[in-house]
Amino acid sequence: MRLFKMNVVKVFALMFSMAVLTNACKKDEEIGPAPTLTVASNLAGTPGTTVQLKASINAPEGIKTITVLKNGAAFDVVTKNGEKTFEYAKDYQIDNLSANSVVNFTVLVTDMKNQNSTLTTLPVTVTAVPPKTIVEVKGTLEGNITWDATKIYKLVGFVRLGEEATFGSITKTATLTIPAGTVVIGDRATKGGLVVQRGSKLIANGTASNPIIFTSERSVGEREAGDWAGIIICGKAPNNLPDNANDRQLEGGYGGFHGGTDAADNSGSLKYVRIEYAGVPINPNQEVNSLTMGSVGNGTTIDYVQASFGLDDSFEWFGGTVNCKHLVAYKGLDDDFDNDNGFSGYVQYGIGIRGTTQADQSGSNGFEVDNDANGSNNTPYTSAIFANMSIIGAKGNAETSISTLFQNGAQLRRNNKLKIYNSFFTGYPFGIYIDSQRGDAKGNAAKGDIVLQNIVLAGVANWGTNNWGTGAATNPKGFPVSDTEQTTTAPAILIGTQTPTDWFKAQSGNKILTDFSKTGISTTLWSTGRPTFTLTTGTAETLIGFNLPSTLPSFFDKTDYVGAFKDSDWTAGWTEFTPQSVVYIK
């Protein structure tokens, strides 16, 4: 009996074990198969193009997650709610890699039962960028022309939009549209350049991520200032030149006729444009600049333009009323911002940065300003308004050797009536020189026609008198504001009853600082490569807290800082500070 009971127990135990095992097997049999997927194949493209990563997914137990890796690093994760099928798609912009490189994406699908698919690879091959066709452009263009960003355009000689044989004889007009991303090169042998004649328009609107580039035709390492002529825009706005044809040409006499009575004249639009290695001397002290504007009207848009390594001035206005914003003058030879012949427009946000050796035999300045060459009383006066300018001279520290041809952060001369607000100057032998050797600029300052307000002049530690250049060759006093005419023998000339330095200090918001080290600007402004433009806050001699006068025209943004930048870098994306190393022609 005891034996029987034990056998029964064993039987029941065996039956129970078999039941459990049977149920477990049935449960396992009820779980569906693991996820599967099929990916797109043969994906390829040139750097910068966009391809779409695709995978068709089947998961009987429902999709939980889709994980995608790029060369083993996290790229994308998608969470689902048990869908049994799904078409995965994700855009990928191909990185700037060499031809035949392969970027491997791997895809893993996990279902709601935590089953994983096979790890599946989706390769993307980088293909070579085909060389762009170079289109030579010569002579006179007329009508409506649109260029193609997939091509490179080469300017041979002076290419003219429209035709004006003599002043007042406009026989042809043209509108040239240049799309974002287009590269335009200047022929070195003929010093190619682009002249927009009166009545014609240049529409060159790039973007922050895809600027339009005017540059040298030469290869990396060979480019130099003066490889081509530059961009010349001629408009119908007023200037103060005599009313005859011979005087209505831009300096050099190459047929750049300009001037008229239409202050609102429209010569087109330049936005997000770079101009590199331009500038041509036509006659002694008569050059084509990187961007030359002759009587350009305020119907024209000039915004986000960089002029780099020019052979003469970076930007020069001969009369006109055009308004400009966001200008970068980088390591040009002569002046950064040159005003002549009655320029009366508005300019906000501009920076000039100098190289240590790039200076012109005529003397290089941040601003050079004349009413005209003789300092006459011809009207309209050169009376433009500038605000939020940063003028960074070549001297970043006392040990750095710079050209003896550098002069002033601003030379306001020849009877001008310029007005500058909320601007910063450093690194020049002199900060401000109000020059009355021709015309009465000092008299204009005394009368309030020259205005300097919220101007900060900052020296360079251990450099000369009061940390500014000693001025031994030009001014024995070496003050940041020039108290004598810049010759060794001229006596002091007062502004009213004050010396220029005392007059400057008496103007609203002006400061002369011992050196720039506590102002919040970055020493990278004197380095190679992209500088840091934004200000460091919490500095002892902050450039923040200077409100731009509310009485200025509505064109001006109401800023509260001195200089071109505060906490936002408007140069990001579209500018280039090492163009010598950029490959433009492939």
Side-chain angles (χ1 to χ4, degrees), residues 48 132 135 137 141-155 159-162 173-186 192-215 228 230-237 264-276 278 289-294 296-308 310 314-315 317 320-330 345-351 555 557 564 568-576 579 582 584:
K132 290 185 176 182
V135 179
V137 186
L141 306 182
E142 60 180 309
N144 295 319
I145 306 107
T146 299
W147 286 354
D148 181 350
T150 65
K151 300 176 181 179
I152 294 174
Y153 293 85
K154 183 176 182 177
L155 305 173
V159 175
R160 300 178 186 274
L161 302 187
T173 61
T175 297
L176 171 63
T177 300
I178 303 178
T182 304
V183 174
V184 182
I185 57 177
L194 185 62
V195 183
V196 183
Q197 304 282 182
R198 297 192 315 154
S200 293
K201 292 182 176 67
L202 171 62
I203 311 296
N205 291 331
T207 66
S209 60
N210 206 19
I212 294 168
I213 301 159
F214 292 82
T215 192
W228 65 292
I231 301 175
I232 302 104
I233 305 177
C234 303
K236 299 178 181 179
D265 186 41
N266 182 356
S267 295
S269 177
L270 271 68
K271 293 187 70 175
Y272 297 105
V273 170
R274 298 207 306 262
I275 306 168
E276 302 166 352
N289 309 286
S290 294
L291 179 58
T292 303
M293 291 164 278
V296 177
N298 59 32
T300 309
T301 298
I302 306 289
D303 199 3
Y304 298 102
V305 178
Q306 179 181 22
S308 302
S314 295
F315 299 91
W317 296 265
T321 56
V322 64
N323 302 324
C324 309
K325 279 186 175 176
H326 305 105
L327 305 181
V328 180
Y330 190 66
Y346 309 143
V347 180
Q348 188 174 25
Y349 309 119
I351 184 161
F555 167 83
D557 301 329
S568 178
D569 180 3
W570 47 260
T571 72
W574 62 279
T575 54
E576 177 59 59
V582 179
Y584 292 118

Note to self: Using only atom types and a distance under 3.5 Å, with no angle test, would you say the side chain of Lys154 pairs donor to acceptor with the backbone of Gly192?
What the structure shows: no

Item checked: Contact summary for Asp265 and Lys236, nearest pair of heavy atoms -> OD2-N, 2.7 Å

Notebook entry, point to check: Looking only at heavy atoms, what is the nearest atom pair of Lys201 and Asn266, with distance?
Noted result: CE-O, 3.6 Å

Margin query: Under the rule for side-chain contact (heavy atoms from CB on, under 4.5 Å), what residues qualify as partners of Thr173, not counting sequence neighbours?
Written below: Ile170, Ser200

Margin query: I need the Leu270 CG to Ile231 CD1 distance, nearest 0.5 Å.
Written below: 5.5 Å

Check: How would you list, by chain and number, every residue that makes a ring pair (Phe, Tyr, Trp, His ring centres under 6.0 Å) with Phe315, sequence neighbours excluded?
Finding: Phe337

Checklist line | Val296 side chain near Trp317 side chain, heavy-atom distance below 4.5 Å | finding: no

Check: Which is it for Thr292 and Asn289 under the side chain to side chain donor-acceptor pair (under 3.5 Å) test, yes or no, and what are the steps along the way?
Finding: CA-CA 5 Å; Thr292 303; Asn289 309 286; 3.1 Å; yes

Margin query: Testing the basics here: between Ala237 and Gly320, what is the closest heavy-atom pair and its distance to 0.1 Å?
Written below: CB-CA, 3.9 Å

Notebook entry, point to check: Which heavy atom in Leu155 sits nearest to a heavy atom in Val159, and how many Å separate them?
Noted result: CD2-CG2, 4.0 Å

Next item on the list: State the OG1-OH distance between Thr321 and Tyr346, to the nearest 0.5 angstrom.
Entry: 9.5 Å

Next item on the list: Name the orientation class of the two ring planes belonging to His326 and Trp570 (parallel below 30°, tilted from 30 to 60°, perpendicular beyond 60°).
Entry: perpendicular

Note to self: The criterion is salt bridge (Lys or Arg N to Asp or Glu O under 4.0 Å); which residues satisfy it with Arg160, sequence neighbours excluded?
What the structure shows: none

Margin query: Between Glu276 (side chain only) and Ile213 (backbone N and O only), is there a donor and an acceptor less than 3.5 Å apart?
Written below: no

Notebook entry, point to check: side chain to side chain contact (heavy atoms under 4.5 Å, CB included) between Val196 and Leu176: does it pass, once the steps are laid out?
Noted result: CA-CA 9 Å; Val196 183; Leu176 171 63; over 6 Å; no

Check: What heavy-atom pair brings Glu576 and Ser308 nearest, and what distance separates the two atoms?
Finding: O-OG, 4.2 Å

Check: Which value, rounded to the nearest 0.5 Å, describes the distance between Cys234 atom SG and Arg198 atom CZ?
Finding: 8.5 Å

Note to self: Measuring only between side-chain heavy atoms, which start at C-beta, is Met293 closer than 4.5 Å to Thr300?
What the structure shows: no

Item checked: Ile302 side chain near Leu327 side chain, heavy-atom distance below 4.5 Å -> yes

Next item on the list: Name all residues meeting the ring pair (Phe, Tyr, Trp, His ring centres under 6.0 Å) criterion together with Tyr153; count only those two or more places apart in sequence or in a different chain, and write none if there are none.
Entry: Trp147

Notebook entry, point to check: Which pair of non-hydrogen atoms, one from Ser290 and one from Ser314, has the smallest distance, and what is that distance?
Noted result: CB-O, 3.4 Å

Checklist line | Min side-chain heavy-atom separation Leu291-Ile233 under 4.5 Å | finding: yes

Notebook entry, point to check: Under the ring pair (Phe, Tyr, Trp, His ring centres under 6.0 Å) test, which residues partner Trp228, sequence neighbours left out?
Noted result: none

Next item on the list: Rounded to the nearest 0.5 Å, what's the gap from CH2 on Trp574 to CD1 on Ile212? Could you check?
Entry: 12.0 Å

Note to self: My understanding is that only residues two or more places apart in sequence, or in another chain, count here; which of them pass salt bridge (Lys or Arg N to Asp or Glu O under 4.0 Å) with Asp148?
What the structure shows: none

Notebook entry, point to check: Is the number of heavy atoms from other residues, nucleotides or ligands within 6.0 Å of NZ (Lys271) greater than 12?
Noted result: no

Check: Got Tyr330 and Thr575 here, is their nearest side-chain heavy-atom distance under 4.5 Å?
Finding: no

Checklist line | From Ile232 atom CD1 to Leu194 atom CG, the distance as rounded to the nearest 0.5 Å | finding: 7.5 Å

Next item on the list: Could you check Arg274 against Thr215 for side chain to side chain contact (heavy atoms under 4.5 Å, CB included), going step by step and ending with a plain yes or no?
Entry: CA-CA 8 Å; Arg274 298 207 306 262; Thr215 192; over 6 Å; no

Check: Rounded to the nearest 0.5 Å, how far apart are OH of Tyr272 and CG of Asn205?
Finding: 10.5 Å

